[in-house]
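Chain letters run A, B, ... following the sequence lines, proteins first, then strands; residues in each count from 1. Scope of the values below: all heavy atoms of this structure, side chains included, with no hydrogens, waters or symmetry mates.
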Protein chains: 2
Amino acid sequence: MQQTDKKITIYEIAKEAGVSPATVSRVLTGNANVKKEKKEKVLELIKKYNFKPSAVARGLSDTKSRIIGIIVADIRNTYYADMYVACENAANKEGYSVMLMNSFGQTSMEIRQLGKLVQWRADAIIQLGGAVDSLTTDPSYVKEVNRLLGNKIPLVVTGKLDNTNCYQVQIDAAAAMDMLVQHLVSNGNKRIALVGGRLDVESTYIKYNEFLKLTKELELENSSLYTDNFGGYGIEEGTVSMNELIERFSLAGKPLPEAVICINDSTAAGVIKSIRKHGLKIPEDITVVSYDNTDLCEVAEPGLTSVAYDYEKYGKTLVRTAISVADGKSAERQILIKPSGLMVRKSSNYKRN
Amino acid sequence: MQQTDKKITIYEIAKEAGVSPATVSRVLTGNANVKKEKKEKVLELIKKYNFKPSAVARGLSDTKSRIIGIIVADIRNTYYADMYVACENAANKEGYSVMLMNSFGQTSMEIRQLGKLVQWRADAIIQLGGAVDSLTTDPSYVKEVNRLLGNKIPLVVTGKLDNTNCYQVQIDAAAAMDMLVQHLVSNGNKRIALVGGRLDVESTYIKYNEFLKLTKELELENSSLYTDNFGGYGIEEGTVSMNELIERFSLAGKPLPEAVICINDSTAAGVIKSIRKHGLKIPEDITVVSYDNTDLCEVAEPGLTSVAYDYEKYGKTLVRTAISVADGKSAERQILIKPSGLMVRKSSNYKRN
DNA sequence: ATGAAAGCGCTAACAG
DNA sequence: CTGTTAGCGCTTTCAT
């Protein structure tokens, strides 16, 4: 099995096919017609040599890298992993490659990753979480984004970034809250608490306001009593917040909430632990629901009711927006994605009186 | 704020600095000395224009892309996400960018992703899971790997791939099994079952054999009775396997196992569900342990004891191997990584008589 | 230490 | 329909 290590390029293919490099390029890109006969000859040689045209060279020559950069807060978080996969699939389908970079929620990292993506001449950048989640945009980040990206590279975010010309594709957090509250109320829950999250995160802030609005409209009991149980987005933080809530109400001799809306599934997992540790039953004593419908919902005991999103659609929208703008076409500045539904599991499967 | 949209390259920098493009390149790469004065001038202009040299052009010119391709079975699986993050960090530290691609366990996808990575002229490819997990290598995949990668692009895998010149960095599955069995035995468990996984997966096969060897050595009761509870690697499959095991033993009037070793955390989560549904207590009636120490361990109720790995070290080893080979240096063909320890949680925190 | 020039592999006018 | 030619932006000899 002789294996000539001669580097094979379109020139080699062209020479052996008896055509010009340009013709080989034409059959590669499909951007122009080539006589069937020659085309077949070229294709045959490409197969024979397992020739794969260099995306690097192509990127240099046509000044489009066909790379979409994705900056994510942390891919180990199932929520982001789901979104990333949806984006990767959508991008591949459009002929783009994706370059993923984690920022671990640090602005300095986000900036560095942005820089690397600029070096790769990404055609567009999608940012999932991190600085773009903030209610109040970090000015130092904005500065870097404008400096690095300018009007050259479009940025699509899942949150917001004031004073930049980014595009936004967001989940309709208010609608998601509506679904949850409606579900709980239809099950007879009147005392509902909101647990977890931070108010400096935009999506949390939106959920919070929607919660206040709804509970007031529906005249639920003392709803404002149940809305200062913030903390964070992790399991441990869910446990801590819920512990505090239970103790606070117990000390005050007030009735515990009948239902708890958790800011996400991780927090809910922690909340569930706390509730069980206090000897209370889910969903009978306290009903629990949350957001994101990640795989934690199936692991939790009991199974966790959670708002589900259509990640595939979300990813597709993100990518389509990115590509449109990169191609100089227009795109909507802000798109709101409605949750796809509520996955009802045992944690909320209980009708109160 | 005037923003000339003139594309800025090393030529622009060179012109304005009054030096040649080569000199700018030299300060960029640091591959040669440049008089301090000129160097500073160049650096100043780079900062002034936020100039980021094109990695694409660089990749073309020096024929090293500084890209490491990573093919992963499914990034939504926390286990892989942990490994990926470790690899990304290690690669970044070495000045490489990473290109992640999911294969979803389909060989056809793996081949396609391999092809894309070849087009990007990745300097090396790391494959996490998928076809390289198989005990019996898929010949059609081997053929493609050899065709596409040949001796040009080094491949580093977490499993094996016969008849290719890949490098292997694996977790020492046997050692991990030792830790688990030893822990269980020291807690007085004698009837131990192995649940989940498939024997055509190499790591599972290794665990299985080690399990048989150990239980025989330790003269545990009828150990072979407890070793045919395979199925898969998911939650649902864990539940099904455990349900079957319990029914089988109940029907036969035989005592249930005192401890269950699950093939991974997801399976364990399903096993736990099954055990609870049967009204049995964990760890008192049945002790449960598993592998990987992912975040599911904290979510599960009770907390799940699991073998932990040092992902950071794993990723570093994977990346170092990849880069070494890519640079034409030698590297060990096979490296075994020892688990870093056992995270003992409540699911196994019980001494039997 | 530094400039000139060639070349990396491909695409895209521009002719014909 | 197809060949020729000029880049794309950088690195790297090779001289000087």
Open item on the list: Expressed as a whole number of angstroms, how long is the span from A:Y11:OH to D:dG3:C1'?
Closed with: 12 Å
TODO: Look at the side-chain N and O atoms of B:N31 and state whether any lies under 4.0 Å from the OP1 or OP2 oxygen of D:dT12.
DONE: yes
Open item on the list: So for A:R26 and D:dG3, does any side-chain atom that can act as donor or acceptor lie under 3.5 Å from a complementary atom in the base?
Closed with: yes
Task: Donor-acceptor under 3.5 Å (A:N92 side chain, A:S97 main chain) - done: no
Task: A:K38 side chain near D:dC1 phosphate (N/O to OP1/OP2, under 4.0 Å) - done: no
- [ ] Look at the side chain of B:V19 and decide which nucleotide, out of C:dG3, C:dT11, D:dC10, has an atom nearest to it.
- [x] C:dG3
Task: Rounded distance (Å) that lies between atom P of D:dG3 and atom NZ of A:K15 - done: 15 Å
Task: Rounded distance in Å - NZ (A:K7) to C1' (C:dC8) - done: 8 Å
TODO: Could you check B:A32 against A:L28 and say which one's nearest nucleotide on DNA chain C is further toward the 5' end?
DONE: B:A32
TODO: Report the distance from atom CG of B:D62 to atom C1' of D:dG9, rounded to the nearest whole Å.
DONE: 12 Å
- [ ] Say whether, by atom type as modelled, one donor and one acceptor occur between the side chain of A:S65 and the main chain of A:R121 under 3.5 angstrom.
- [x] yes
- [ ] Ignoring the backbone of A:S61, work out which of D:dC1, C:dC8, C:dC10 is nearest its side chain.
- [x] C:dC10
TODO: Please confirm whether the backbone N or O of A:P21 pairs with a side-chain atom of A:S25, one donor and one acceptor, at under 3.5 Å?
DONE: no
Task: Which atom of B:T137 lies closest to which atom of B:D162, heavy atoms considered - done: OG1-N, 3.0 Å
Task: Distance in angstrom units between B:I10 CD1 and C:dC8 P, rounded - done: 17 Å
Open item on the list: OP1 or OP2 of D:dG9 versus the side-chain N and O atoms of B:T9: is any pair under 4.0 Å?
Closed with: no
Open item on the list: For B:L60 and A:T29, find the nucleotide of DNA chain C closest to each by heavy atoms; which residue's nucleotide sits nearer the 5' end?
Closed with: B:L60
Task: Minimum heavy-atom distance B:R76-B:F104, with the two atoms named - done: NH2-CE2, 3.5 Å
- [ ] Compare the minimum distances between each of D:dT2, D:dC10, C:dA12 and the side chain of A:T23, then state the nucleotide with the smallest one.
- [x] D:dT2
Open item on the list: Quick check on the helix from C:dA1-D:dT16 to C:dG16-D:dC1: what's the angle between its two end axes, five base pairs per end, to the nearest 10°?
Closed with: 30°
TODO: Locate the shortest heavy-atom distance separating B:P154 from B:A322; write the atom from each residue and the value.
DONE: CG-O, 4.2 Å
Open item on the list: If I take atom CG in residue A:N33 and atom P in nucleotide D:dC1, what distance separates them, rounded to the nearest angstrom?
Closed with: 4 Å
Task: Residue-phosphate contact under 4.0 Å: B:S20 side-chain N/O, C:dG3 OP1/OP2 - done: yes
Task: Nearest-angstrom distance from the residue atom CZ of A:R66 to C1' of C:dT11 - done: 13 Å
- [ ] Grab the two heavy atoms, one from A:Y80 and one from A:L128, that are nearest each other, plus how far apart they are.
- [x] CE2-O, 3.7 Å
Task: Side-chain N or O of B:S25 closer than 4.0 Å to phosphate OP1/OP2 of D:dG9 - done: no
Task: Between D:dT2 (P) and A:K39 (NZ): distance, integer Å - done: 11 Å
Task: Backbone of B:L155 reached by a side-chain donor or acceptor of B:Q127 within 3.5 Å - done: no
